[in-house]
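Single-structure report; data block below.
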Protein chains: 2
Amino acid sequence: MTDTATPGRALPHPEREQIRLESVLHALSDPMRLQIVRELAAREAELSCSQFELPVTKSTTTHHFRVLRESGVIRQVYRGTAKMNGLRRDDLDVLFPGLLDSLLAAAGLQAGRLGADG
Amino acid sequence: MTDTATPGRALPHPEREQIRLESVLHALSDPMRLQIVRELAAREAELSCSQFELPVTKSTTTHHFRVLRESGVIRQVYRGTAKMNGLRRDDLDVLFPGLLDSLLAAAGLQAGRLGADG
DNA sequence: GTCGTAGTTTGACATCTCTCGTAGTACGAG
DNA sequence: CTCGTACTACGAGAGATGTCAAACTACGAC
């Protein structure tokens, strides 16, 4: 938590206890969002929205990041004009032990099979 | 595989290699379907559609079972007038090792937290 | 203050999803 | 062949979803 977050622009996140498995699965069932989560996990760092090269417009990108945040998969913080995104690995690991890793492994295996960027 | 399946009423299933992670996650992101899969995993047996006491009509039940079958989560076979449903555990474990177990464990934990039938 | 960059908001549109009710098909029992 | 059971098919309707374009806000740099 480097304290560089921009004050006065808080974003609503579900508490850990409010995160629902169904919502997480729904969030990850979209290829675009699964890709985002995969990149976020690969580089173990927070990334701004614009660092993802997604084949959709900015409004659609905003939409996907919001779904991920509202389902509890990622945490978003404003840092100046950028919006940084980080996986909520700690919360997810407590709620659903091993799930995130299995999910990422599965996504990696499938990407390899399909000849994508695995 | 007791050979009691009714011939001439085959149902289309995706091959193992055709099963997509996104489709599986989408199938499991519905509470009704997640419940079905949980029951199917708990009793390690094939169950007919009508053995599930779901709070929806028969047509809706048919719909949910079809989504599960077409996503590759379950296998369906006619046995007389009944349609038996079984988890495709073997295929899923090969494709996405550990995923199904993490998913079931996560669903169990959440059901316990929520005071449902966990 | 002005400008540019980053992201949001709104409205629209096509598609999909979950649900239902009604009518229909497939099988086994008699 | 008739009947009952188990499930399907076919609409239909309410609502969610993914996408876009255009106009907007927030921040930093100058």
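First the proteins, then the strands, lettered A, B, ... as listed; each starts at 1. What you are looking at is a predicted structure, and each value in this text was computed from that prediction instead of being measured.
The NE2-C1' distance, from His63(B) to dG21(C), rounds to 16 Å in whole Å. Look at NE2 on His64(A): it is 9 Å from C1' on dT17(D), rounded to the nearest Å. Atom C1' of nucleotide dT5(D) and atom OH of Tyr78(B) are separated by 13 Å, given to the nearest angstrom. If you measure from atom CG of Leu11(B) to atom P of dC7(D), you get 12 Å, rounded to the nearest angstrom.
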Subject >> Residue pair Ser29(B), His26(B): steps toward the side chain to side chain contact (heavy atoms under 4.5 Å, CB included) verdict >> reply: CA-CA 5 Å; Ser29(B) 71; His26(B) 171 246; 4.1 Å; yes

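The salt bridge (Lys or Arg N to Asp or Glu O under 4.0 Å) check on Arg20(B) picks up Glu22(B), with sequence neighbours excluded.
Contact between the side-chain N/O atoms of Ser50(A) and the OP1/OP2 oxygens of dG7(C) is found at a separation under 4.0 Å. For Thr57(B) and dC20(C), the shortest distance from a side-chain N or O to OP1 or OP2 is below 4.0 Å. In this structure, Thr60(A) reaches the dC20(D) phosphate: one of its side-chain N or O atoms is under 4.0 Å from OP1 or OP2. Between dC10(D) and Ser59(B), no contact under 4.0 Å exists linking OP1 or OP2 to a side-chain N or O.
Taking a 6.0 Å sphere around CD of Gln18(A), one finds it holds more than 12 heavy atoms contributed by other residues, nucleotides or ligands.
If you check dG7(C), dC20(C), dC7(D) against the side chain of Val56(B), the one that comes closest is dC20(C). Each of dG18(D), dT19(C), dA6(D) was ranked by its minimum atom distance to the side chain of Lys58(B); first place goes to dA6(D). For Thr62(A), counting side-chain heavy atoms from C-beta on, the closest listed nucleotide (dT19(C), dT9(C), dC7(D)) is dT9(C).
For the contact set between residues 26-34 of chain B and DNA chain D, defined by any heavy atom under 4.0 Å, there are no members.
In terms of heavy atoms, Cys49(A) sits closest to Gln76(A) at SG-NE2, 4.2 Å. Nearest heavy-atom pair across Ser71(A) and Val24(A) is O-CG2, 3.7 Å.
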Name every donor-acceptor pair, under 3.5 Å, that has one atom in a side chain of residues 90-102 of chain B and the other anywhere in the protein, sequence neighbours excluded.
residue, atom, partner, partner atom, Å
Asp91(B), OD1, Arg16(B), NE, 2.7
Asp91(B), OD1, Arg16(B), NH2, 3.1
Asp91(B), OD2, Arg75(B), NH2, 3.3
Asp91(B), OD2, Arg88(B), NE, 3.1
Asp91(B), OD2, Arg88(B), NH2, 3.0
Asp101(B), OD1, Arg89(B), NH1, 3.1
Ser102(B), OG, Ser102(A), OG, 2.9
Ser102(B), OG, Gly98(B), O, 2.9

